[in-house]
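Here is the structure we will look at, set down as structure tokens.
Since the structure is predicted, the reported quantities are computational estimates derived from the model, not experimental observations.
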Amino acid sequence: MPHPTIEPRRSDTVTRQDLVRADPRAWASWLRTREDLAGVPHLAGWAEAGRPLIVRRRVPGEGAAAVPLGLPLPPADGKRRIGLALPAEHLARLDGPSLAEAAAHAPAAWQATIAAIVALGERYGLNPRPFGGLLWQAVTGLTYLSAASDVDLLWPCREPVSTGLLDGLATIAEQAPMRLDGEILLPDGTGLHWRELRDAPEGGTVLAKGLDGLAMRPAAAFRTREPA
């Protein structure tokens with residue numbers, strides 16, 4: 001099955017949940033510093049194969065001199081999450097696949113739900129993209145999905161977010177054969193879990209995930225009701 005093409009793109013900055021490709025020499029140099037990863041499947045040729053990394057949130061003690069990155073190994077190889085950081089000059093930012101492009105890598109039982117999600121996105125002028133297992137299966141050719149997997153999605157949005165979109169997601173999720181998870185992703189890389197944003201009461205807060213930390217923010221600042 002062909003894999004979606006992800007092409008490098010120029011940018012001076014990266015934000016949380018961006019995909020990047022590492023220079024193979026920088027990757028090999030980093031890997032030599034991690035004796036604990038010797039013999040771990042897939043890692044030695046990860047960068048040479050053009051497989052991406054994902055920008056993650058910084059953890060306490062990590063400075064801003066390098067970009068915080070991660071990659072999950074397939075479940076058959078322990079489902080281990082590898083964390084690292086590399087200088088930005090050794091990275092090329094990538095455009096990852098949209099949900100529609102990654103759909104061919106999803107199970108047949110998911111296809112009707114994916115079609116409904118794509119149609120919902122079109123209604124609001126949005127192009128959701130996968131993360132989690134569907135993303136990694138699509139861009140690596142390795143097996144990440146199982147019958148028990150969730151569909152994890154990123155919804156790149158400008159704020160405030162329409163409650164119609166959130167309600168539409170909830171309706172699809174109620175009928176889906178799998179759990180529908182994911183985040184509203186704001187332009188600065190801040191992520192808001194869509195269920196938490198939808199279900200927060202008036203005057204309530206929602207957890208905002210950023211590159212440099214977590215914060216509770218007023219939910220009302222991020223959502224707006226559609227006109228009746």
Original post:
Would you say Val161 and Trp155 make side-chain contact, with heavy atoms under 4.5 Å?
Top reply: no
Original post:
Are Leu154 and Leu197 connected in a single hydrophobic cluster, I mean Ile/Leu/Val/Met/Phe/Trp/Tyr linked by side-chain heavy atoms less than 4.5 Å apart?
Top reply: no
Subject >> Cluster overlap Leu134 with Ile54, hydrophobic side-chain contacts below 4.5 Å >> reply: no
Hey, can you pull the donor-acceptor pairs under 3.5 Å for the side chains in residues 65-91, sequence neighbours left out?
| unit_1 | atom_1 | unit_2 | atom_2 | d |
| --- | --- | --- | --- | --- |
| Asp77 | OD2 | His42 | NE2 | 2.7 |

Original post:
Are Ile117 and Trp110 co-members of a hydrophobic cluster defined by side-chain heavy atoms under 4.5 Å apart?
Top reply: yes
Original post:
Is there a donor-acceptor pair under 3.5 Å between the side chain of Asp18 and the backbone N or O of Thr15?
Top reply: yes
Original post:
So, do Arg51 and Leu142 sit near enough that their side-chain heavy atoms are less than 4.5 Å apart?
Top reply: yes
Subject >> side-chain hydrogen bond (donor to acceptor under 3.5 Å, both in side chains) pairs, two or more places apart, involving residues 58-69 >> reply: Arg56-Glu62, Arg58-Asp212
Original post:
Going from OG1 on Thr113 to CD on Gln111, what distance comes out if it is rounded to the nearest 0.5 angstrom?
Top reply: 9.0 Å
Subject >> Exercise: identify the closest heavy-atom pair between Ala102 and Pro130 >> reply: CB-CG, 3.8 Å
List the atom pairs, donor and acceptor, that lie under 3.5 Å between side-chain atoms in residues 23-31 and the rest of the protein, sequence neighbours left out.
| unit_1 | atom_1 | unit_2 | atom_2 | d |
| --- | --- | --- | --- | --- |
| Asp23 | OD2 | Arg25 | N | 2.9 |
| Asp23 | OD2 | Ala26 | N | 3.1 |
| Trp27 | NE1 | Leu43 | O | 2.8 |

Subject >> Minimum heavy-atom distance Pro156-Leu126, with the two atoms named >> reply: O-CD2, 3.4 Å
Subject >> Least distance between heavy atoms, Ala106 atom then Leu145 atom >> reply: CA-CD1, 4.3 Å
Original post:
Is there a chain of hydrophobic side chains (I, L, V, M, F, W, Y, each step under 4.5 Å between heavy atoms) that links Leu99 to Tyr144?
Top reply: no
**OP:** Measure the CG-NZ distance between Leu214 and Lys209 for me, rounded to the nearest 0.5 Å.
**Re:** 7.5 Å
Original post:
Can you list every pair that meets salt bridge (Lys or Arg N to Asp or Glu O under 4.0 Å) and has a residue in residues 120-139, with sequence neighbours left out?
Top reply: Arg123-Glu226
Distance-only criterion, 3.5 Å: show the donor-acceptor pairs between side-chain atoms of residues 175-189 and protein atoms not counting sequence neighbours.
| unit_1 | atom_1 | unit_2 | atom_2 | d |
| --- | --- | --- | --- | --- |
| Arg179 | NE | Asp181 | OD2 | 3.4 |
| Asp181 | OD1 | His193 | NE2 | 2.5 |
| Glu183 | OE1 | Arg16 | NH1 | 3.1 |
| Glu183 | OE1 | Arg16 | NH2 | 3.3 |
| Glu183 | OE2 | Arg16 | NH2 | 2.7 |
| Asp188 | OD1 | Thr190 | N | 2.9 |
| Asp188 | OD1 | Thr190 | OG1 | 2.9 |
| Asp188 | OD2 | Thr190 | OG1 | 3.3 |

Subject >> Minimum-distance pair of heavy atoms, taken over all atoms of Trp136 and Thr140 >> reply: O-OG1, 2.5 Å
**OP:** Please check if Leu192 and Val151 belong to a single hydrophobic cluster, counting links between Ile, Leu, Val, Met, Phe, Trp and Tyr side chain heavy atoms closer than 4.5 Å.
**Re:** yes
Original post:
Quick one: salt bridge (charged side-chain N to carboxylate O under 4.0 Å, His left out) partners of Arg223, sequence neighbours excluded?
Top reply: Glu202
Subject >> Closest contact, heavy atoms only, Arg217 versus Ala208 >> reply: CG-CB, 3.7 Å
Subject >> Crowding at CD, Glu48 (>12 non-hydrogen neighbours, <6.0 Å) >> reply: no
Original post:
Do the side chains of Arg21 and Leu53 get nearer than 4.5 Å, heavy atoms only?
Top reply: no
Original post:
Which heavy atom in Leu135 sits nearest to a heavy atom in Phe131, and how many Å separate them?
Top reply: CB-CA, 3.5 Å
Subject >> side-chain contact (heavy atoms from CB on, under 4.5 Å) partner of Arg198, the single match among Leu165, Val206, Leu166, Thr163 >> reply: Leu166
**OP:** Please report the C-alpha distance between Thr143 and Gln137 in whole Å, then the side-chain angles of each, then the deciding distance to 0.1 Å, and finally whether the side chain to side chain contact (heavy atoms under 4.5 Å, CB included) criterion is met.
**Re:** CA-CA 6 Å; Thr143 301; Gln137 185 152 312; 4.1 Å; yes
